[in-house]
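Only one structure is covered here, and it is reproduced in the block below.
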Amino acid sequence: QVQLVESGGGLVQAGGSLRLSCAVSGRTFSNYDVAWFRRPPGKEREFVEAINSSGSRTRYADSVKGRFTISRDNAKNTVYLQMNTLKPEDTAVYYCAAAVGGYLSGSYDYWGQGTQVTVSS
């Protein structure tokens with residue numbers, strides 16, 4: 001079993017920055033690909049960014065290109081999402097998810113409980 005706990009969400013003004021963290025425990029963290037998803041109010045969950053198990057490859061949604069950066073520290077069992085130049089449309093509950101092979105398949109087995117990000121205009 002893998003447990004994921006997100007932190008770092010909050011209220012920020014448009015143009016500001018936040019860094020989300022996802023602490024992973026329970027299995028060998030370095031075997032798992034990790035991704036961030038978000039669910040805006042009243043909308044479906046959507047993909048944000050993903051990073052492979054070694055941290056050598058990343059992919060992102062067009063909506064966050066150039067603004068958000070995913071990274072991981074395998075020594076700390078943690079994945080980060082640095083969010084810059086935030087916009088009101090980035091308001092959502094942000095979730096991290098993990099899976100072996102998730103980076104290629106797009107399918108993730110383990111999910112955190114989510115952290116709220118609210119961007120005011």
Exercise. Report yes or no: does Glu6 contribute a side-chain atom to a donor-acceptor pair with the main-chain N or O of Cys96 at less than 3.5 Å?
Key: yes
Self-check item: Point-to-point distance, once rounded to the nearest 0.5 Å, from CG of Asp62 to CZ of Phe47
Solution: 10.5 Å
Quiz item: If you draw a 6.0 Å radius around CZ in Arg57, do more than 12 non-hydrogen atoms from other residues or ligands fall strictly inside?
Solution: no
Quiz prompt | Any residue meeting salt bridge (charged side-chain N to carboxylate O under 4.0 Å, His left out) with Arg67, in chain and number order, not counting sequence neighbours | solution = Asp90
Quiz item: So which heavy atom on Ser107 is nearest to which on Ala99, and how close?
Solution: O-CB, 3.5 Å
Quiz item: For the side chain of Thr91 and the backbone of Val119, is there at least one donor-acceptor N/O pair under 3.5 Å apart?
Solution: yes
Quiz item: Distance from Ser54 atom OG to Asp33 atom CG, nearest 0.5 Å?
Solution: 8.5 Å
Exercise. Please report the shortest heavy-atom distance between Ala92 and Pro41, naming the atom on each side.
Key: CA-CD, 4.4 Å
Quiz prompt | Minimum-distance pair of heavy atoms, taken over all atoms of Ala50 and Tyr108 | solution = CB-OH, 3.7 Å
Quiz item: Going by heavy atoms in the side chains, are Tyr80 and Asp73 under 4.5 Å from each other?
Solution: yes
Quiz item: Is there a donor-acceptor pair closer than 3.5 Å between any side-chain N or O of Asn52 and the backbone N or O of Leu104?
Solution: no
Quiz item: Would you call Ser63 and Arg38 a side-chain contact if the rule is heavy atoms closer than 4.5 Å?
Solution: yes
Quiz prompt | Closest contact, heavy atoms only, Val5 versus Gln113 | solution = CA-OE1, 3.8 Å
Quiz item: Is there a path from Val117 to Tyr60 through hydrophobic residues (I, L, V, M, F, W, Y) whose side chains come within less than 4.5 Å of each other?
Solution: yes
Self-check item: From OG (Ser56) to CD1 (Ile51), nearest 0.5 Å
Solution: 8.0 Å
Quiz item: Would the Trp111 and Phe37 ring centres measure less than 6.0 Å apart?
Solution: yes
Quiz item: Looking just at side-chain N and O atoms, do Ser17 and Asn84 make a donor-acceptor pair shorter than 3.5 Å?
Solution: yes
Quiz item: Looking at side-chain heavy atoms only, is the closest gap between Ile70 and Trp36 below 4.5 Å?
Solution: yes
Self-check item: Distance, nearest 0.5 Å, that separates CD of Gln13 from OG of Ser121
Solution: 9.5 Å
Quiz prompt | Common cluster, Leu81/Val24, ILVMFWY with side-chain heavy-atom separation under 4.5 Å | solution = yes
Quiz item: How far apart are the closest heavy atoms of Ser53 and Ser30, and which atoms are they?
Solution: CB-O, 3.1 Å
Quiz item: More than 12 non-hydrogen atoms from neighbouring residues, nucleotides or ligands closer than 6.0 Å to OH on Tyr103, yes or no?
Solution: yes
Quiz item: Measuring from Leu18:CG to Met83:CE, what's the distance to the nearest 0.5 Å?
Solution: 4.5 Å
Quiz item: Are any of the side-chain heavy atoms of Tyr110 and Gln1 separated by less than 4.5 Å?
Solution: yes
Quiz item: At what distance, to the nearest 0.5 angstrom, does OH of Tyr32 lie from CG of Asp109?
Solution: 8.0 Å
Quiz item: Which atoms form the tightest heavy-atom contact between Cys22 and Leu4, and what is the distance?
Solution: SG-CD2, 3.6 Å
Quiz item: Would Tyr95 and Leu20 show up in the same hydrophobic cluster when neighbours are defined by side-chain heavy atoms closer than 4.5 Å?
Solution: no
